[in-house]
Undergrad: 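This is the structure I want to talk about, given as structure tokens.
Positions are given from 1 along the sequence. Both ligands and their constituent atoms are indexed starting at 1 by order of listing. Values below: all heavy atoms of this structure, side chains included; hydrogens, waters and symmetry mates excluded.
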Amino acid sequence: DKKVVLITGCSSGIGLSLAVRLASDPNKTFKVYATMRNLAKKERLLECVKSLHKDTLDILQMDVTSRQSILDARDRVVEKRVDILVSNAGVGLMGPLEVLSLDSMRQILEVNLLGTIQTIQAFLPEMKVQGQGRILVTGSTGGLQGLPFNEVYCASKFAIEGACESLAVLLQHFNIHVSLIECGPVNTDFLVNLQKAELGDTCLQQVDALTLSLYEKYLQHCGSVFQNAAQDTEDIVKVFLDAIQSPSPAFRYFTSGVVPPLTRLKISEPDGSRYISALSKTMFSAEEQ
Ligand code: NAD
């Protein structure tokens with residue numbers, strides 16, 4: 001029998017690449033349900049899998065912020081079970097905290113945090129009945145260490161860490177493995193899709209000059225990190241495959257292969273002051289120290 005995989009957020013990026021890779025498995029090991037909020041965006045995925053037989057891939061509508069949409073997608077899984085659930089949908093939000101609207105903050109928490117939790121909730125009872133399962137969640141360095149101008153994004157991703165760690169403890173009694181795939185920068189549509197305060201935006205006019213100049217530096221730093229150090233989705237997919245194929249997967253996988261040095265610093269110096277000064281130095285350069 002094929003392993004039934006359901007992935008959220010498959011219209012682009014990591015979700016799309018993972019869906020394509022698993023659906024093209026030469027041994028046809030997987031039946032993939034690639035889900036996306038907006039089916040009008042399915043062309044890109046279809047383009048990547050056009051040579052495939054229909055029996056390894058189905059595309060379903062699923063908006064992770066809508067419980068009904070999640071349940072409808074679940075009901076359309078022909079096998080009536082999901083062996084591997086991949087909660088991947090997520091969005092970013094960037095800008096000085098004081099200019100972010102309550103709506104935009106709610107939206108990020110709705111998708112990243114409650115979206116992930118609601119998705120897991122919907123598939124958990126069946127996995128418990130099966131007495132086996134895998135839950136993989138696309139995590140972020142921003143879930144392990146704070147990043148300026150990403151307060152709410154980081155809050156959502158830190159929260160995921162807490163939710164998944166808590167679940168992992170319980171679910172080992174059900175032979176259900178929870179794994180976080182912790183990504184640094186990845187070349188995807190993430191930077192295009194994220195909500196971001198742009199430098200010319202009128203909302204930034206009310207922000208003080210120091211915050212603005214630090215934000216400008218941050219954006220430059222972010223741009224160069226994505227340009228120089230971003231991984232490709234194929235690299236991320238390999239790590240997902242490692243976790244999927246391992247008989248006893250780890251709770252955390254770091255896609256770069258190592259714990260990021262600043263995350264390590266945060267762990268080794270738990271009072272936090274060295275992390276905060278080191279990150280500030282990295283992002284804003286020496287002159288502000
Ligand atoms: P992406 O923007 O290409 O993909 C995110 C997907 O989530 C999109 O297809 C989007 O349509 C979907 N999505 C958004 N809201 C949704 C909703 N309500 N319901 C269903 N789907 C929804 O970016 P990506 O980099 O592939 O992002 C995938 C995951 O990786 C996210 O959780 C993101 O936080 C995480 N991540 C990305 C990076 C990076 O640098 N790209 C780094 C760390 C973590």
Undergrad: For Phe226, counting its heavy atoms only, list the atoms of ligand 1 lying under 4.0 Å from any of them.
TA: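 In order of number, 40 (O).
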Undergrad: So, taking the atom named OG1 in Thr35 and the one named CG in Asp63, what distance separates them when rounded to the nearest 0.5 Å?
TA: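 With rounding to 0.5 Å, OG1 (Thr35) is 9.5 Å from CG (Asp63).
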Undergrad: Within the structure, is a non-hydrogen atom of Met62 found at a distance of less than 4.0 Å from ligand 1?
TA: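 It does, in that a heavy atom of Met62 comes within the 4.0 Å cut-off of ligand 1.
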Undergrad: Please write down residue, atom name and distance for the protein heavy atom closest to atom 37 (C) of ligand 1.
TA: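 Minimum-distance protein heavy atom for atom 37 (C) of ligand 1 reads Phe190 CD1, 4.1 Å.
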Undergrad: Looking only at protein heavy atoms, identify the closest one to atom 19 (N) of ligand 1 and say how far it is in Å.
TA: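 Scanning the protein heavy atoms, the shortest distance from atom 19 (N) of ligand 1 goes to Val64 N, 3.0 Å.
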Undergrad: Which of parallel (below 30°), tilted (30 to 60°) and perpendicular (above 60°) describes Tyr218 and Tyr215?
TA: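 Rings of Tyr218 and Tyr215: parallel, under 30°.
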Undergrad: Just need the protein heavy atom nearest to atom 18 (N) of ligand 1, so name the residue and atom and give the distance.
TA: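 The closest one turns out to be Asp63 OD1, 2.9 Å.
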Undergrad: Under the criterion salt bridge (charged side-chain N to carboxylate O under 4.0 Å, His left out), which of Asp55, Asp83, Asp58 is the partner of Lys31?
TA: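 Among Asp55, Asp83, Asp58, the one that satisfies the salt bridge (charged side-chain N to carboxylate O under 4.0 Å, His left out) with Lys31 is Asp58.
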Undergrad: Nearest protein heavy atom to atom 26 (O) of ligand 1, by residue and atom, and its distance?
TA: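 Among all protein heavy atoms, the one nearest atom 26 (O) of ligand 1 is Ile14 N, 2.8 Å.
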Undergrad: Can you tell me if Ser277 and Ser280 form a side-chain donor-acceptor pair at under 3.5 Å?
TA: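 No, no side-chain donor-acceptor contact under 3.5 Å.
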Undergrad: Within ligand 1, which atoms have a heavy atom of Tyr153 less than 4.0 Å away?
TA: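 Those of ligand 1 that fall under 4.0 Å from Tyr153 are 33 (C), 34 (O), 36 (N), 44 (C).
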Undergrad: Write out the residue and atom name of the closest protein heavy atom to atom 6 (C) of ligand 1, then the distance separating them to 0.1 Å.
TA: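 Minimum-distance protein heavy atom for atom 6 (C) of ligand 1 reads Gly9 O, 3.8 Å.
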Undergrad: Rounded to the nearest 0.5 Å, what separates atom CG in Leu97 from atom CE in Met105?
TA: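 These two atoms lie 6.0 Å from each other.
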Undergrad: For atom 30 (O) of ligand 1, find the nearest protein heavy atom and state the residue, atom name and distance (0.1 Å precision).
TA: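 Among all protein heavy atoms, the one nearest atom 30 (O) of ligand 1 is Thr138 CG2, 3.1 Å.
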Undergrad: Determine, using heavy atoms of Thr8 and all atoms of ligand 1, whether some pair is separated by less than 4.0 Å.
TA: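 Heavy atoms of Thr8 never come under 4.0 Å of ligand 1.
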Undergrad: Using a strict cut-off of less than 4.0 Å between a Lys/Arg side-chain nitrogen and an Asp/Glu carboxylate oxygen, indicate whether Glu165 and Arg252 qualify as a salt bridge.
TA: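 Salt bridge flag = yes for Arg252 with Glu165.
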Undergrad: Side chains of Asp72 and Gln68: is there a donor and an acceptor less than 3.5 Å apart?
TA: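 The criterion, which ignores hydrogens and geometry beyond distance, is satisfied for Gln68 and Asp72.
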Undergrad: Tell me whether Lys157 reaches ligand 1 (any heavy atom closer than 4.0 angstrom to a ligand atom).
TA: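 Under 4.0 Å: yes for Lys157.
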Undergrad: Fit a plane to each ring of Phe149 and Phe284, take the angle between them on a 0 to 90° scale, and name the class: parallel (under 30°), tilted (30 to 60°) or perpendicular (over 60°).
TA: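 Phe149 and Phe284: perpendicular rings.
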Undergrad: Please tell me whether Ser101 and Asp103 have a donor and an acceptor in their side chains that are separated by less than 3.5 angstrom.
TA: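 No, because no side-chain N or O of Ser101 sits under 3.5 Å from a partner of the opposite role on Asp103.
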Undergrad: Under 6.0 Å between ring centres: does that hold for Tyr153 and Phe190?
TA: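 For Tyr153 and Phe190, the ring centres are under 6.0 Å apart.
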Undergrad: If you measure from atom 39 (C) of ligand 1 to every heavy atom of Asn88, Val186, Leu16, Leu18, which option wins on shortest distance?
TA: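 Nearest heavy atom to atom 39 (C) of ligand 1 lies in Val186.
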Undergrad: Give the numbers and elements of all ligand 1 atoms closer than 4.0 Å to a heavy atom of Thr65.
TA: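 Result: 18 (N).
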Undergrad: Of all the atoms in ligand 1, which lie at a distance below 4.0 Å from a heavy atom belonging to Gly90?
TA: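 Under 4.0 Å from Gly90, ligand 1 has these atoms: 5 (C), 7 (O), 31 (C), 32 (O).
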Undergrad: Looking only at protein heavy atoms, identify the closest one to atom 24 (P) of ligand 1 and say how far it is in Å.
TA: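 Nearest neighbour among protein heavy atoms for atom 24 (P) of ligand 1, to 0.1 Å: Thr188 OG1, 3.4 Å.
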Undergrad: Using a 4.0 Å cutoff against the non-hydrogen atoms of Ala89, which atoms of ligand 1 qualify?
TA: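 Reading through ligand 1 atom by atom, the close ones are 7 (O), 13 (N), 20 (C), 21 (N), 22 (C), 32 (O).
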Undergrad: Looking at every non-hydrogen atom in both residues, tell me the closest pair between Ser156 and Asn112 and how far apart they are.
TA: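 Reported closest heavy-atom pair: OG-ND2, 3.1 Å.
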Undergrad: Would you mind checking which non-hydrogen protein atom is closest to atom 3 (O) of ligand 1, with the distance to 0.1 Å?
TA: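 The closest heavy atom on the protein side is Ser12 OG, 2.7 Å.
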Undergrad: Please give the remaining members of the hydrophobic cluster of Val259, linking ILVMFWY side chains under 4.5 Å, ordered by chain and number.
TA: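 Its cluster partners, ordered by chain and number, are Leu144, Phe254.
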Undergrad: Looking at ligand 1, would Gly184 count as a contact under a 4.0 Å heavy-atom criterion?
TA: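 Yes; Gly184 lies near enough to ligand 1 that a heavy-atom distance drops under 4.0 Å.
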Undergrad: Passes side-chain hydrogen bond (donor to acceptor under 3.5 Å, both in side chains), Tyr275 versus Glu269? Steps please.
TA: CA-CA 8 Å; Tyr275 172 73; Glu269 307 280 341; over 6 Å; no
Undergrad: Are any of the heavy atoms in Gly139 under 4.0 Å away from ligand 1?
TA: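 Yes, Gly139 has heavy atoms under 4.0 Å from ligand 1.
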Undergrad: Which ligand 1 atoms does Gly13 reach within 4.0 Å, using its non-hydrogen atoms?
TA: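 Heavy-atom distances to Gly13 below 4.0 Å select 3 (O), 26 (O).
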Undergrad: Should the proximity of Asn193 to ligand 1, defined as any heavy atom under 4.0 Å, be assigned to the side chain, the backbone, both, or neither?
TA: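 Contact part for Asn193 vs ligand 1: side chain (C-beta onward).
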Undergrad: Yes or no: does Pro185 have any heavy atom under 4.0 Å from an atom of ligand 1?
TA: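 Checking ligand 1 against Pro185, which is what was asked, there is a heavy-atom contact under 4.0 Å.
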